[in-house]
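The block underneath contains the structure these notes are about, expressed in structure tokens.
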Amino acid sequence: MRVLQQQSSSQQSAVSTSADDNGDRCGASFSASSSDSDDGVPLSARITNNRSATNGKSSLRRGNDDSGSDSDSMPLSKLSVDPRAKRANDSSDSESDQPLSNKVKAPKKTTNGSIATTTAVKRAKREIVSPKDAKKAKMAPTLKAAPATAAIDKKPRIKKDTATPAANAASRRGSAAPLASKIANRKPSIKAESSVTAPSQDGSEDSDNEEFKWWLENKDNDGPKWKSLEHFGVLFPPEYEPHRIPLSYKGKPFKMHSEVEEVATFFAALVGTDHGNNKVFQDNFFSDFKELCDKHHAKHPIKEFKSCDFSSIRAHLDGQSAKRKAMTKDEKETSKKEKMLIDEKYGFCMLDGRREKVGNFRIEPPALFRGRGAHPKTGMLKKRVLPEQVTINIGENAKIPDPPPGHKWGNVIHDTTVTWLAMWKENINGNTKYVFLAAGSSLKGQSDMKKFDKARNLVRCIDGIRSQYTKDLRSDIMAERQRATALYLIDRFALRAGNEKSDDEADTVGCCSLRCEHVTLEAPNIVNFDFLGKDSIRYERTTEVDKQVWKNLRLFQKAPKTKNDMLFDRLTPTTLNKHLQTLMPGLTAKVFRTFNASFVFQNQLANTPANGTEAEKILAYNRANREVAVLCNHQRTVSKGFQGQMTKIEDKLLAVRYQRKLLKSYLLEVAPDLKKKHPEIAKSEPGLTAKWIKSFLLVTCETDCDKARKKFERDNEKLKEAGEAAIPESKLAAQIAEINEREKSIKNGTYTPELPVSKNTHTDKILEKISKLTERIANIEVDKIEKDENKTTALSTSKINYIDPRISVTWCKKYNVPLEKIFNKALREKFTWALDVDSTWSF
DNA sequence: ACCGACACTTAGGAACTCTGAC
DNA sequence: GTCAGAGTTCCTAAGTGTCGGT
């Protein structure tokens, strides 16, 4: 169980503002005082990492009021009072005595049984900023980066043209140099570790400049995303190669058509895994499998899943995997080269004349859909994608990539307002899959920087926003009160917005879609949240909240609502975001997560020991990172070997401590005066019990025996190869006998341990050795702490997506820690735009 | 106001690769 | 050279939020 310390609001308001900020960013003025009335709320919260609970799905959906008497805008006091809703003992809270809507609409039925899903209720009414705000935002001075505003976010949506053969031919005619050589001959335009401070350049076709620092540009974010785009399209997975191994059905072999066999093989690969054991997965798989059997076999015996035996196919797969593992060095080299050739071809494109990395250029191969959590469609067959289903997006003058022989592209378009290179639809949920540029590309970098700048804008609007919602917590209008309460939860606990989901998806929720059953209240102000969030990760937390928030939550849960009803029945992410846009241009619910993550991180970094070792500084960094990961509920499953690994580290630690103990005892014996100058040598070693030492020494005997045997065999092998006489067995026997003697003396307590240094070593040398061991011990201890603390928490997600990289860069500069210690190569590439900030930058 | 389509970000786990101890 | 474990990359599911049409 971990304790999360969140920043207090007073901390949050004490933020510095740097000179390159745009001043004019908050779109609303606040009449309420700037002091946050939440100050009194202790924000410690207990988090447990239990995963994957099952929650009942709501039978009742959000009640949309059509009735005039129960409208959102009507003051609560005017609503009719349901006697069941009346609370007897809360006279101080007159507003909360008002009833909620008595009507809750019946669930929306999914009208469509087909695979192409329709989202049941997706409220999306777009609203942005007033023209005035948009204008204001555009006029704001831009030094380093343009402010992120809704106005800037807005992009014109153009109709996609269908590529006519004539247009395609024209495109081909327009292509100048062969693309392969053009792309291959250029290095990526974005370099992570650049020492070059080249002047910025415009985004036009200036191919020779390798260091394109787009972040130094004053680019208009409103325009098209690119001017020219050339690429090789997508790579299709190889055709299925049948193995002809029959499925065993009721003990009898069933020879399958290759299409049927392919699907059986998909399942065979998952036998014994969580998916393979999941009943829904099995049922969905079997239903699709049987359909294929019907299609390809006029007569077949397949009737029930439980009579299918996939073990022969599985054995074949295991054999293949073993073969792959046993590949020779040359074979591995060849396969690596083949992969590199493919990566070189499809992995890069030319964007506005610059070579940029493409992300996922591979078309997803057919497979069984692995939905997460209790996904009703998990196990269904995800079909093979054909070129005819793929749309290519490419520059008008670029050569259109060749589709695989005998095929043609579904469509070819030239849409400069989007960033994808190719797109197709998958058959399970009807979702669109895109091929985008890689994370380190200029396009991704630009939107990343925009995202963090927007979150940074919130730093200076947050006090006003908090005052506003704190005031609204007592609003007479139910919709407003719900909105304020939800906003409090989003702000304080980093909850996601919580869009409504359809019945053919896993039952997961976010803030707006919370149901009454997900929140348990305990007087006077304790709340327990327990629900499945994104990816069916359980969010379980008990915490104190603002007293008024607690009262509101109680009000929102009141009868006639039942546990399956929406907690916030007058609120949707759309209405919430619409409101947020009035408080700050471009503000949406998700910005709070980015803002709070970065803000908490920056505050936590203040705990870095300025005079500590590098390892200690990095530990402080990772701890700050962990606070954020806990706040955002980024979890991971505990690895299988975790406990064993911890025991190993513990033993390693004790073994080093034992070495140090021996040296210290020796020093005390030969130079007792030393302890005046070096009192640490008189200190005992924690954790070193006589029992542990004995068992450690005995294990050492065992391993020494093994080592001696292995060395003996190895040496003889070498001698044999050289044609020389072998070492006699007696030599090994003598060694073993010596070890056995040692073992005996350990057992009967007469053993005198050997010193890790020779007897006549100078005391200075021994002190030096002790200090090295001390350093080693400190490092192992840090490792141990980190390992334990990271057991169920994934740090990478927040590092990649939520923490402004400029905070990390600044920290490295301030504490003199090399950036490579905290950002790996991929992160350094992703965040090139952030590397130039100086050590005084603050979020 | 509502809906589906769309475009993009965020997410955890599997697969693969590197590294250091033996 | 082998192996385990750490670190990294790949894969693709699952979110959020916007847009145009009705």
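The chains referred to below are lettered A, B, ... by the order of the sequence lines, with proteins before strands, and numbering in each begins at 1.
- Between A:Gln446 and B:dC8 there is no side-chain N or O to OP1 or OP2 distance below 4.0 Å.
- Under a 4.0 Å N-O distance rule, the pair A:Glu426/A:Lys382 does not qualify as a salt bridge.
- Judged by distance alone with a 3.5 Å cut-off, a donor-acceptor contact links the side chain of A:Lys534 to the base of B:dT10.
- Not one side-chain nitrogen or oxygen of A:Thr508 sits closer than 4.0 Å to the OP1 or OP2 atom of C:dA14.
- Of all nucleotides listed (B:dA7, B:dA11, C:dT16), B:dA11 comes nearest to the side chain of A:Asp535.
- Residue whose closest nucleotide on DNA chain C sits further toward the 5' end, between A:Val591 and A:Leu368: A:Leu368.
- Between A:Asn499 and C:dT16 there is a side-chain polar atom (N or O) within less than 4.0 angstrom of OP1 or OP2.
- As judged by a 4.0 angstrom heavy-atom cut-off over every strand, A:Thr797 is placed among residues touching the sugar-phosphate backbone only.
- Residue contacts shown for A:Gly510 are absent, as no nucleic acid heavy atom lies under 4.0 Å away.
- Here A:Glu820 does not pair with A:Arg828 in a salt bridge; the nearest charged N to carboxylate O distance is not below 4.0 Å.
- Judged as a side chain to side chain donor-acceptor pair (under 3.5 Å), and not counting sequence neighbours, the contacts of A:Tyr621 are A:Ser808.
- Within the structure, every side-chain polar atom (N or O) of A:His375 is placed at least 4.0 Å from both OP1 and OP2 of C:dA13.
- In the set B:dA11, B:dC8, B:dA7, B:dA11 carries the atom at the smallest distance from any side-chain atom of A:His634.
- Aromatic ring centres of A:His634 and A:Tyr802 lie closer together than 6.0 Å.
- Within 4.0 Å of A:Thr419, counting heavy atoms only, lie sugar-phosphate atoms of the nucleic acid but no base atom.
- Residues A:Leu270 and A:Phe281 form a side-chain contact, since some pair of their non-hydrogen atoms from C-beta on lies under 4.5 Å apart.
- Looking at which nucleotide of DNA chain B each of A:Ser447 and A:Ala794 is closest to, the 5′-most match is held by A:Ser447.
- Between A:Arg496 and B:dA11 there is a side-chain N or O to OP1 or OP2 distance below 4.0 Å.
- Residue A:Lys425 places its side chain closer to B:dC6 than to any other of B:dC6, C:dG15, B:dG13.
- In terms of phosphate contacts, A:Lys336 brings no side-chain nitrogen or oxygen within less than 4.0 Å of OP1 or OP2 of B:dC16.
- Residue A:Arg593 places no side-chain N or O under 4.0 Å from the OP1 or OP2 atom of C:dG17.
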Under 4.0 Å protein heavy-atom contact, by nucleotide of nucleotides 7-12 of chain C - B base, S sugar-phosphate only: -SS-SB
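- Heavy-atom distances to DNA chain B give each of A:Ser798 and A:Arg324 a nearest nucleotide, and the one nearer the 5′ end belongs to A:Ser798.
- Among C:dG15, C:dG17, B:dA7, the nucleotide with an atom closest to any side-chain atom of A:Lys590 is C:dG17.
- Here A:Phe592 pairs with nothing under the ring pair (Phe, Tyr, Trp, His ring centres under 6.0 Å) rule; sequence neighbours left out.
- Contact between the side-chain N/O atoms of A:Tyr802 and the OP1/OP2 oxygens of B:dA11 is found at a separation under 4.0 Å.
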Criterion salt bridge (Lys or Arg N to Asp or Glu O under 4.0 Å) on A:Asp448 and A:Lys444, from CA distance to verdict: CA-CA 6 Å; A:Asp448 230 20; A:Lys444 291 279 186 196; over 6 Å; no
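- For A:Asn577, the listed nucleotide lying nearest its side chain is C:dG17; candidates were B:dA7, C:dA14, C:dG17.
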